[in-house]
Amino acid sequence: MTQVSLLDGLNPAQRQAVQHFCGPLLVVAGAGSGKTRALTHRIAYLVRQYRVDPAEILAVTFTNKAAREMKERIEQLFAEQEAYEQFGIPLAELESAQVTRLKSSVYQRITRFLWIGTFHSLFSRILRLDIEKYQDPKGRKWTRNFSIFDESDVQSLMKEIVTKQLNLDERKFDPKSIRYAISNAKNQGWTPVDLERHQPNFRGRTIAQVYEIYQDQLAANNALDFDDLIWIPVQLFRQNDQVLAYWHQNFRHILVDEYQDTNRTQYELIRLLTTNGETRKSQLNWQNRSIFVVGDADQSIYRFRGADFTILMEFQDSFGDGLPDDDTRTMVKLEENYRSTATIIRAANTLIDNNTERIEKVLKPTRSQGEPIFCYQADNEMVEAEFVVNAIKRLKSKDPNVSWGNFAILYRTNAQSRPFEEVLMRWGIPYTVVGGQRFYDRKEIKDVLAYLRVVANPADSLSLLRIINVPRRGIGKSTIDKLTQAATALNVPLWEILSDETSVHTLAGRSAKPVLEFAQLLQHWQQQLSRAKATEILEGLLRDSGYLEDLKAQGTEEAEERAQNVMELYNAARQFEEEQGDPSLEAFLSNVSLASDLDNLQEDSEKVSLMTLHSSKGLEFPVVFLVGMEQGLFPNFRALEDPAALEEERRLCYVGITRAKEKLFISYASERRLYGNREVAIPSLFLSELPKELIELDKPGAIPRQLSRGNTPPISAVPKAQRATRNSYLQQWSVGDRLQHPQFGQGQITHVFGNGERVTIAVKFPSIGQQKILDPRIAPIQKIN
DNA sequence: TTTGGTAGGTTTTTT
DNA sequence: ACCTACCAAA
């Protein structure tokens, strides 16, 4: 009987990637070029052909959803192979009971052991095993039942530190921007000391100080933030050779998807694991070991959270042979696109060609021409929404095979979803909005999770304070204050005070009774922790705390909805228990903290999908509507005078276009509501960068040749003759020059990129404590002598 | 303690 | 236009 090969149906480049065994390999994979196929087939190939132990494979994906899909596809591949081996027929011809049995056997023997997940989920798993071996430079320690603080937890902690503890001026030291600076530091791999060194001024010192106190608070709560899940493993690996050596030995084959969106800290983590900390390239031993990364610099869209696609461009230097493209054996390019029509690919290629910082790569269409791209100019955002929904209805009624799930509406900002939702709702069309307010951000869900977190991690005082009087049990502010003050004075977690009967009696007086009852409730379930399943604990807490009862007693429609959400959380816990082997509360809590809205999206569902361009990465839809294509909205106004940011917006547009398989619609409004006022909108620069002959306009002249004046047009839209008169364009700029900017104040040039016409400069502005990349041709800057 | 009102911020994107 | 957080009044 013939055997299907894991290489069947792959093109030569894909085969090269799949057959790669040891050593480094960079796979430059354009949109829709079958990179997920390359990844999954390679993992299967490693196990089947090269006899690699599945437990020695670490594969990092960008979302939990991608991880889940990858696991499913690998399971499918193994099942297909084994169907031939065992029964001599294709998997599809087996009875469904046999298929189920085969797949579960594959799971038990193979896929169960693969380490596949996001950076955050994989390394939180590793921290649950090893964090007690870690101590930070200031002697802070955590235990394995640590909490993971979400963005709002962190935000309130930050505000507390800035306003209450340090008494800083909130206007000068906005907690949000400080939070951002600290997150950025962790993404760069900076300790507070490093941060101060990079920003040696008052602001830098202050932020470093907040950073230290913030870490104190996290440690006091036995909690970590998102960034710590990556940053702490790096520090642990650096300080403890044995721990590093253990994991280095364990993970002999490392694969990273979406490598263009890794940040410095993530890179360092991968580097440490791959090399065991060896920095001399000549000393690296690649025997039975590989690093395999897949990415596309043109789809790098997460710069704002520290992603740095130069890491991908430097892969050849970091791990590879560094030879030119034609000679290199450590790089392979997947350039054939199997997803979209030739028209869509040509549009995407033309657009992205306007970027300067790229790896040379052209998407080659394999499909036929297809239909032209349709561009619609609407009077305002409501008309735009009506156009989109009409088009969806028309296409659906024309072809009975088309389902609602074939359509996606993609926009730049979450706030843009509303008009589309209104119109879809009016017509009774089923839809899902991805992102926006997360399920787990709802108040009632956070309350219930706080109960669970305190049970798992009594030191989590933030969660404890959240629920101490929810539902109302007569523990007032003054009582809480007294208890907290005692805890602070003794430098112990609030729980230590609460769980000590004598202390409570002394401090709380008349309120002692409800406090003690509350403490007993938690204590009871803490004792069950190791024995009981997450669902049992959840059920018990909901009952004993009276939370659900209280909600139901309110009798309002809103409370009813909240109660339903709580039940939905319970269902999520049950589902988790069934799907994962681990029914423990800690496992469920980790999963919840790292879950995202996207993870629940069903691509084959009968619903129109609405989401941001960022969320759409990695997905594909037969019909895509790219809406709100207006200057200032997309590209976003914050990117208009920063060339590097503008290029990122263009990559985002490229991502959007390449989501479409069959048909692409683009639309914009000539007037749009913004913060409640009507504003006149100008068509996006990106519209003028698309090839005219591929676009069908709903009315002539819908795309103006030149953007109107008033708004600073990006440089490529400015006719050459005009450019010289604009600004200090002819001026020479060099490192060290000082300059003045109306918004950012005085600054000093730290880098000059490019030469001739295409020069950009990096300027450090001490007064805002940030570095900006500017285009001297358009930025309103003045040289200071 | 709870309610209600209003001022102020918000819209870039997210694991 | 909408939401949140904070403050004043009961």
Side-chain angles (χ1 to χ4, degrees), chain A residues 60-67 117-124 148-152 154-156 159 163 170-171 174-176 179-180 183 186-187 224-231 257-258 261-263 265-266 299-307 381-382 410-419 422 434-438 440-441 443 469-470 472-480 511 590-599 611-618 628 630 632-640 642 645-646 648-649 651-653 655-656 672-679:
Chain A
V60 187
T61 60
F62 198 68
T63 61
N64 295 303
K65 177 164 172 276
T118 61
F119 271 108
H120 295 85
S121 67
L122 291 167
F123 287 93
S124 70
I148 299 171
F149 277 180
D150 68 26
E151 209 39 50
S152 63
V154 166
Q155 211 62 251
S156 55
K159 194 161 183 202
T163 60
E170 230 183 303
R171 281 163 308 179
D174 171 31
K176 270 206 174 131
R179 159 73 191 132
Y180 185 79
S183 173
K186 289 181 177 179
N187 289 157
L224 302 178
D225 66 18
F226 271 137
D227 305 316
D228 287 330
L229 297 176
I230 321 284
W231 174 218
D257 193 12
E258 307 284 10
D261 280 321
T262 51
N263 61 42
T265 307
Q266 290 166 339
Q299 293 187 65
S300 166
I301 52 175
Y302 284 98
R303 206 174 64 126
F304 67 91
R305 75 173 202 215
E381 73 279 357
M382 277 315 282
L410 308 182
Y411 36 77
R412 178 66 238 266
T413 67
N414 278 307
Q416 284 166 258
S417 71
R418 183 151 294 150
E422 278 173 23
V434 177
Q437 221 220 358
R438 280 169 71 241
Y440 294 111
D441 287 340
K443 183 185 173 297
N469 198 31
V470 178
R472 306 247 133 79
R473 44 172 77 86
I475 305 177
K477 191 172 180 300
S478 59
T479 309
I480 295 173
S511 305
S590 268
N591 176 266
V592 162
S593 306
L594 303 172
S596 81
D597 215 27
L598 242 179
D599 301 333
M611 69 186 88
T612 61
L613 287 152
H614 281 88
S615 297
S616 78
K617 190 164 87 158
E630 294 138 43
L633 188 60
F634 187 34
N636 189 267
F637 68 97
R638 293 178 138 94
L640 286 181
D642 176 348
L646 188 67
E648 174 138 320
E649 297 281 312
R651 291 195 290 272
L652 198 51
C653 188
V655 167
R672 179 175 294 273
R673 239 201 179 97
L674 216 81
Y675 304 114
N677 322 318
R678 295 226 145 270
E679 304 259 350

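Numbered from 1 within each chain, the chains take letters A, B, ... in sequence-line order. Small disclaimer: the values here were computed from a predicted structure and weren't measured.
Taking the ring-ring contact (aromatic ring centres under 6.0 Å, His included) definition, one finds that A:H614 meets it with A:Y302, A:F304, sequence neighbours left out. A:Q299 pairs by the side-chain hydrogen bond (donor to acceptor under 3.5 Å, both in side chains) definition with A:D296, A:R659, not counting sequence neighbours. With sequence neighbours excluded, the residues that form a side-chain contact (heavy atoms from CB on, under 4.5 Å) with A:R472 are A:N469. Taking A:S593 as the reference, nothing meets the side-chain hydrogen bond (donor to acceptor under 3.5 Å, both in side chains) condition, with sequence neighbours excluded. Under the rule for a side-chain hydrogen bond (donor to acceptor under 3.5 Å, both in side chains), the partners of A:R473 that lie at least two apart in sequence or sit in another chain are A:Y451. Residues passing the ring-ring contact (aromatic ring centres under 6.0 Å, His included) test with A:F637, sequence neighbours excluded: none. Partners of A:R179 by salt bridge (Lys or Arg N to Asp or Glu O under 4.0 Å), not counting sequence neighbours, listed by chain and number: A:E151, A:D225, A:D227. Residues meeting the ring-ring contact (aromatic ring centres under 6.0 Å, His included) test with A:F123, sequence neighbours left out: none. Residues meeting the side-chain hydrogen bond (donor to acceptor under 3.5 Å, both in side chains) test with A:S124, sequence neighbours left out: none.
To the nearest angstrom, P of B:dT12 lies 12 Å from CG of A:L640. One interatomic measurement links the two molecules: CD of A:Q155 to P of B:dT14, which rounds to 16 Å at whole-angstrom precision. Computed from coordinates, the A:H614 NE2 to B:dT15 P distance equals 11 Å when rounded to whole Å. The CD atom of A:Q266 sits 13 Å away from the P atom of B:dT15 (whole-angstrom rounding). Atom CZ in A:R303 sits about 12 Å away from atom C1' in B:dT13, given to the nearest Å. Separating the OH atom of A:Y440 from the C1' atom of B:dT15 is a distance of 15 Å, rounded to the nearest angstrom. B:dT13 atom P lies 19 Å from atom CD of A:E258, rounded to whole Å. For the pair A:D228 CG and B:dT15 P, the computed distance is 18 Å after rounding to whole Å.
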Nucleotide N/O of nucleotides 6-11 of chain B paired with protein N/O under 3.5 Å:
from   : atom 1 : to     : atom 2 : distance (Å)
B:dT11 : O3'    : A:R638 : NH1    : 3.2

Using atom names, set out every protein N or O paired with an N or O of nucleotides 2-4 of chain B below 3.5 Å, distance rounded to 0.1 Å.
from  : atom 1 : to     : atom 2 : distance (Å)
B:dT2 : OP1    : A:R472 : NE     : 2.8
B:dT2 : OP2    : A:R472 : NE     : 2.7
B:dT2 : OP2    : A:R472 : NH2    : 3.4

Could you pull out the protein-nucleic contacts involving nucleotides 6-10 of chain C (nitrogen or oxygen on both sides, under 3.5 Å)?
from  : atom 1 : to     : atom 2 : distance (Å)
C:dC6 : OP1    : A:K159 : NZ     : 2.8

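Using a 4.0 Å heavy-atom cutoff across all strands shown, A:N414 reaches sugar-phosphate atoms only and no base atom. Using a 4.0 Å heavy-atom distance criterion, A:F62 is classed as a sugar-phosphate-only contact. Within the nucleic acid shown, A:S615 comes within 4.0 Å of sugar-phosphate atoms alone, with no base atom in reach, counting heavy atoms only.
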For A:H120 and A:I148, what are the C-alpha separation, side-chain angles and deciding distance, and is it a side-chain contact (heavy atoms from CB on, under 4.5 Å)?
CA-CA 11 Å; A:H120 295 85; A:I148 299 171; over 6 Å; no
Evaluate A:N187 against A:W231 for side-chain contact (heavy atoms from CB on, under 4.5 Å), listing each step before the verdict.
CA-CA 7 Å; A:N187 289 157; A:W231 174 218; over 6 Å; no
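Aromatic stacking is not marked for A:F304 over B:dT12, as the cut-offs of 5.5 Å for the centres and 30° for the planes do not both hold.
Under 3.5 Å, the side chain of A:R412 and the base of B:dT13 form at least one donor-acceptor pair of N or O atoms.
If you find the closest nucleotide of DNA chain B to A:Y302 and to A:K477, the one lying nearer the 5' end belongs to A:K477.
For the P atom pair drawn from C:dT4 and B:dT13, the interatomic distance equals 15 Å after rounding to whole Å.
Look at A:E381 and A:R418 and you find no salt bridge, because none of the NZ, NE, NH1 or NH2 atoms lies under 4.0 Å from a carboxylate O.
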